[in-house]
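Step one of this worksheet: look at the structure below.
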Amino acid sequence: MHRARLLRSTPFRLALAFSLLFILAFLAAGVVTYQFLKRDLAAALDASVRQTYSVVASTYAPDDLEDLMAAVETYARLNNGEDSIFLLSDATGKRLAGNVAPFAAPDGLSTIDAGAIGQKGDDRIRILAGTVGGNRLVVGESYAETDDLEHIALMSFGWASVVIAILACGGGAFLAARAQRRLDGIEKAMADVSAGNLARRIPLAGNGDDIDVVTGHMNQALDRLSGLVEGMRQVSADIAHDLKTPLNRLRMTVEQAIEHGGRGGDVQALLIDAREESDRINATFEALLRISQIEAGARKARFRPVDLGDTMASVAEIYGGVAEDNGQTLDFSPRPDAPSMIHGDRELLTQLFVNLVENAITHCPPMTAIRLALQAGPEGFAASVRDDGPGIPEAERELVFRRLYRLDKSRTTSGSGLGLSLVKAIADLHGAAITIEDRQPGLGITLLFPPHPQGQS
Ligand SMILES: Nc1ncnc2c1ncn2[C@@H]1O[C@H](COP(=O)(O)OP(=O)(O)O)[C@@H](O)[C@H]1O
Ligand SMILES: [Mg+2]
């Protein structure tokens, strides 16, 4: 990856920041621990020097220097290395016993260089000097062991830091690269989609983590987008195709009128035909626009509590006469006695039932019984319009909801093939599921409306 891009990558920046923070924290902890260790080692050395001094000094009995001298000699002999020094000198500075040449030491604890008193090595020595029975006693212990321990601690800490730094940076880079790969996958897929490949989906890692959840939602949005685009493409093609017929008819009528007029004939009837044809085309366009507006969902803002049973009853009442004139019967049964409230637009719902009832009246022969029914269930209200007419063949049951789709045998009836598309748009707006069934004989269309959210108010 390009360096500038790497620095802009969120996973890499997070990993880098986290690694640095971790390494700094480790170093700080190490420095504090090292200081504590140093202080404790120095205190331990002082305690040890003090203890040796008091053990040696305790061998002195008043007016008897022999024991003290013997003790100093023994200690000096036992510690013949360079690690410890012992010195007993008299008031004149003459050495009485010990393993170093006499030297001036201040009272109490102090630190001197081994070289300064003629010792080998370049260690420092912690000494304690005092007066015992008028004589000078000096006991000292080298820093060699303390320094060794400090050195070991420093080395282990140093190596631990190196290992930790490598692990933190390496692990961070590994995790960042993994996250970056997934982001790259999303980026590539989205770039592909932008370029017009709407079938492209973002691959999921399959572990259900947050990136997977977001990716899943993005894929769903892409599904919907491609569905909509495909639908639009289909609709535009269908509309263009279906409007060609009435436009051709209109053109033929106008041509006839021109021809007729040229011969001095009466063109009045032909012009009326032409006007009717253009009115029908206009009505089709208006219906198409209405469906698009409903699908856009703006009318949801006008939703109010609506009594579904009431709406159906008025449709049944208005169309009862029309059905009767057609030699058919229309009734609403069972008619609910309790209010059936949903959240919706009464005008649109009326239009929905009108379209279904009009279809039954138009597409069914005389003697057909048309029945509206409403049932309340746990999932909501099931509103249905049924007839015992010719029905719709299985293969076309989904297609009739498409814009401008009509069964071949219905081509001679009035209508534009938009009635059921409008029904579907209104049902979708209300969140109602549509089922279409074959009643052998007849057609049954059922809409399942969710109940009003505030209950039966
Ligand atoms: N109750 C019904 N019985 C039989 N066929 C029907 C019924 N309702 C609708 N159809 C068929 O479905 C087609 C689409 O209906 P619709 O969208 O309302 O268009 P239109 O009624 O304008 O033809 C109709 O042309 C008709 O063939
Ligand atoms: Mg219709």
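Read the numbers this way: they start at 1 and go in the same order the structure lists the ligands and their atoms.
- We find that E255 and R251 are joined by a salt bridge, their nearest charged nitrogen and carboxylate oxygen being less than 4.0 Å apart.
- Looking from atom 16 (P) of ligand 1 to the surrounding protein, the closest heavy atom is L420 N, 3.6 Å.
- Between R126 and D46, at least one side-chain N (NZ, or NE/NH1/NH2) sits under 4.0 Å from a carboxylate O, which counts as a salt bridge.
- Between the side chains of T146 and R124, no donor-acceptor pair is found at a separation under 3.5 Å.
- Here the protein heavy atom with the shortest distance to atom 26 (C) of ligand 1 is S410 OG, 3.4 Å.
- Residue, atom and distance of the protein heavy atom nearest to atom 9 (C) of ligand 1 are N359 ND2, 3.5 Å.
- The protein non-hydrogen atom at the shortest distance from atom 23 (O) of ligand 1 is R406 NE, 2.7 Å.
- Remark: ligand 1 and G419 share an N or O pair separated by less than 3.5 Å (distance only, no angle test).
- Only the side chain of I392 comes within contact range of ligand 1, with a heavy atom under 4.0 Å; no backbone atom does.
- Taking every non-hydrogen atom of G415 and a distance limit under 4.0 Å, the qualifying atoms of ligand 1 come out as 22 (O).
- Under 4.0 Å is where a charged nitrogen must lie from a carboxylate oxygen, and between K188 and D184 no such pair does.
- The atoms of ligand 1 that sit less than 4.0 Å from any heavy atom of A360 are 1 (N).
- With hydrogens and angles left out, the side-chain atoms of Q268 and D266 include no donor and acceptor closer than 3.5 Å.
- For the pair Y405 and ligand 1, the shortest N or O to N or O distance does not fall below 3.5 Å.
- With hydrogens left out, the protein atom closest to atom 24 (C) of ligand 1 is H363 NE2, 3.5 Å, a heavy atom.
- Paired with L443 under the rule side chain to side chain contact (heavy atoms under 4.5 Å, CB included), one option of V385, D387, D388, L356 passes, and it is D387.
- Contacts of L443 with ligand 1, taken as heavy-atom pairs under 4.0 Å, involve the side chain alone.
- Under the 30°/60° scheme for interplanar angles, the aromatic rings of F449 and F353 are found to be tilted.
- Looking from atom 12 (O) of ligand 1 to the surrounding protein, the closest heavy atom is V400 CG1, 3.5 Å.
- Between F157 and F26, the ring-plane angle classifies as parallel under the 30° and 60° cut-offs.
- Under a 4.0 Å N-O distance rule, the pair E396/K409 does not qualify as a salt bridge.
- In this structure, D387 has a heavy atom closer than 4.0 Å to ligand 1.
- Among all non-hydrogen protein atoms, the one lying nearest atom 4 (C) of ligand 1 is G391 O, 3.6 Å.
- The single protein non-hydrogen atom nearest to atom 22 (O) of ligand 1 is G417 N, 2.8 Å, given as residue, atom name and distance.
- Coordination check, N359 versus the Mg ion (ligand 2): passed, since an N/O/S atom of the residue sits under 2.8 Å.
- Between L429 and D345 there is no side-chain heavy-atom pair separated by less than 4.5 Å.
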